[in-house]
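Residue numbering restarts at 1 for every chain, and letters A, B, ... go by the order of the sequence lines.
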Protein chains: 2
Amino acid sequence: MLEKLKSILPFDDKQWNQYASYFKRIQVPAKKVLIQEGEISKKAFFIEKGCIRVWFNKDGKDVTFQFFFENERVSSVESFKKNIPSIVTLETIEPSTLWVIDKQDMDQIMRDGFEIPKVREKLIDTLFDRNIHYMKHCLSFIRDTPQQRYLHLLETQPQIIQRIPQHYIASYLGITTVHLSRVKSKLLKGK
Amino acid sequence: MLEKLKSILPFDDKQWNQYASYFKRIQVPAKKVLIQEGEISKKAFFIEKGCIRVWFNKDGKDVTFQFFFENERVSSVESFKKNIPSIVTLETIEPSTLWVIDKQDMDQIMRDGFEIPKVREKLIDTLFDRNIHYMKHCLSFIRDTPQQRYLHLLETQPQIIQRIPQHYIASYLGITTVHLSRVKSKLLKGK
DNA sequence: TGAATTTGATAACATATGTTATCGCTTGCC
DNA sequence: GGCAAGCGATAACATATGTTATCAAATTCA
């Protein structure tokens with residue numbers, strides 16, 4: 001099951017023997033908070049099964065920022081990297097199977113990884129990709145209407161539409177559940 | 001004038017002697033397009049004097065995505081890094097003095113830089129910082145009203161309000177010029 | 001200097017989106 | 001089985017924001 005992790009961090013087998021023990025497999029129920037907003041994150045997660053929602057607080061309401069699924073890594077990046085309080089909460093949506101690693105161990109892996117050209121390339125690529133992803137996400141809020149964002153989601157990440165309760169999707173799109181309903185019904189009626 | 005660049009890329013003096021010649025100083029007028037949307041970017045810029053606007057096309061209208069000022073580096077990141085067509089246009093707003101470097105040379109510097117722990121740290125930090133910046137920028141579109149975004153801009157980047165024509169600011173905030181006028185006048189009238 | 005362009009304010013109206021409330025359908029749980 | 005909670009649709013109304021048009025001031029440039 002760490003196969004996917006190996007493709008993300010392409011160390012050789014010898015090194016993986018050392019690192020494998022850093023990761024612990026845990027089972028968590030739905031709606032379990034993994035990292036709380038305001039807390040300094042000391043852990044990172046890799047999802048074997050299930051999904052995780054990243055959200056933040058807006059006047060008492062929770063607003064979804066991102067979803068993560070199988071074979072993805074999740075952490076409160078800025079908190080994890082910089083030892084500052086997290087601006088987001090990480091919470092499971094479904095009962096999930098996760099691999100968890102402590103910051104200390106992860107830092108070790110990162111330090112080692114940046115010494116090895118192949119791993120380094122991969123890590124840098126990942127950072128750039130994340131950058132591009134956030135950039136495009138921003139851009140879609142400036143450029144596209146909620147309806148366009150919904151359609152785009154349908155095309156590019158149908159599993160979100162299928163697996164995630166609609167009120168989470170609505171806040172992810174930056175609108176209310178009521179308006180998402182309207183958008184969907186407008187689309188059904190042939191636009 | 002490369003002093004600022006040295007703090008961003010903390011090589012030792014010997015190496016800088018080699019790299020300094022990679023950068024060329026150019027003077028460009030206002031409204032000069034540096035990189036065109038759709039074009040594969042082969043250059044990166046460092047601003048000595050002036051400012052640059054990053055924008056993209058929305059149904060024929062231009063929508064501003066970011067502003068850059070003195071001592072900042074600008075490039076079409078994803079295009080520059082991945083050799084793909086740029087999704088944004090880079091254009092000066094004021095007459096500017098820039099330092100320009102070719103992709104090939106920049107790649108060389110990056111390759112060398114990642115071998116040197118001190119420089120590597122700085123580069124990775126920069127990537128994370130950019131990530132956090134985009135994340136927060138996204139977040140402000142989901143969480144805040146245009147008025148809140150305007151006030152936030154006033155607090156954190158007053159030079160944008162002062163130096164940049166209002167219609168660029170409006171599209172940067174994701175609203176029309178008409179609405180920005182409304183927001184400002186509402187704020188003047190004591191909210 | 002004077003004409004053309006850019007910039008910003010405002011009004012009137014149109015559309016998009018939020019708010020609150022209600023209803024019915026599902027789901028989980030005792 | 002039945003109740004409570006969660007979820008999604010819809011309606012009516014309120015507010016925010018966009019669109020188009022007009023005007024005045026500032027700026028640019030020949």
S.K.: Quick check with a 6.0 Å cut-off and a 45 degree axis cone: is R53(B) positioned over the face of Y168(B)'s six-membered ring?
M.R.: yes

S.K.: Please report, rounded to the nearest Å, how far the C1' atom of dA16(D) is from the CG atom of L187(B).
M.R.: 15 Å

S.K.: Is K184(B) near enough to dA9(C) that one of its side-chain N or O atoms lies under 4.0 angstrom from OP1 or OP2?
M.R.: yes

S.K.: Nearest whole angstrom, please: distance from the P of dG6(D) to the CD1 of I93(A).
M.R.: 16 Å

S.K.: Whole angstroms only, please: what is the NZ-P distance between K186(B) and dA11(C)?
M.R.: 14 Å

S.K.: On a plain distance test, is the side chain of R182(B) in donor-acceptor contact with the base of dG18(D) below 3.5 Å?
M.R.: yes

S.K.: Give a yes/no on whether any side-chain N or O of T176(B) is located under 4.0 angstrom from OP1 or OP2 of dG18(D).
M.R.: yes

S.K.: Can you pull out the residues from residues 160-174 of chain A that lie within a 4.0 Å heavy-atom distance of DNA chain D?
M.R.: P165(A), Q166(A), H167(A)

S.K.: Rounded to the nearest 0.5 Å, how far apart are CG of L180(A) and CZ of R149(A)?
M.R.: 11.0 Å

S.K.: Here's a test of your reading of the structure: between T177(B) and K31(B), which maps to the more 5' nucleotide of DNA chain C?
M.R.: K31(B)

S.K.: Can you tell me which nucleotide in dG8(C), dG18(D), dT19(C) comes closest to the side chain of S181(B)?
M.R.: dG8(C)

S.K.: Over 60° means perpendicular and under 30° means parallel, so classify the ring planes of Y19(B) and Y22(B), tilted if in between.
M.R.: tilted

S.K.: Who are the side chain to side chain contact (heavy atoms under 4.5 Å, CB included) partners of K32(A), not counting sequence neighbours?
M.R.: V28(A), P29(A), L34(A), T92(A)

S.K.: Which residue is it: T64(A), T176(A), T177(A)? I am looking for the one with a side chain to side chain donor-acceptor pair (under 3.5 Å) to S171(A).
M.R.: T64(A)

S.K.: Measure from NE2 on H179(B) to P on dT20(D) and round the result to the nearest Å.
M.R.: 17 Å

S.K.: Among F67(A), W55(A), F56(A), find the residue that satisfies the ring-ring contact (aromatic ring centres under 6.0 Å, His included) test when tested with Y172(A).
M.R.: F67(A)

S.K.: Nearest whole angstrom, please: distance from the C1' of dT19(D) to the NZ of K58(B).
M.R.: 13 Å

S.K.: Would you kindly give the OH-to-P distance between Y150(B) and dT17(D), to the nearest whole Å?
M.R.: 15 Å

S.K.: Whole Å only: how far is the CD1 atom of I142(A) from the P atom of dG18(D)?
M.R.: 13 Å

S.K.: Check whether the side chains of S86(B) and E37(B) place a donor and an acceptor atom closer than 3.5 Å, and report yes or no.
M.R.: no

S.K.: Roughly, in whole Å, what's the span from CD in Q148(B) to P in dA16(D)?
M.R.: 12 Å

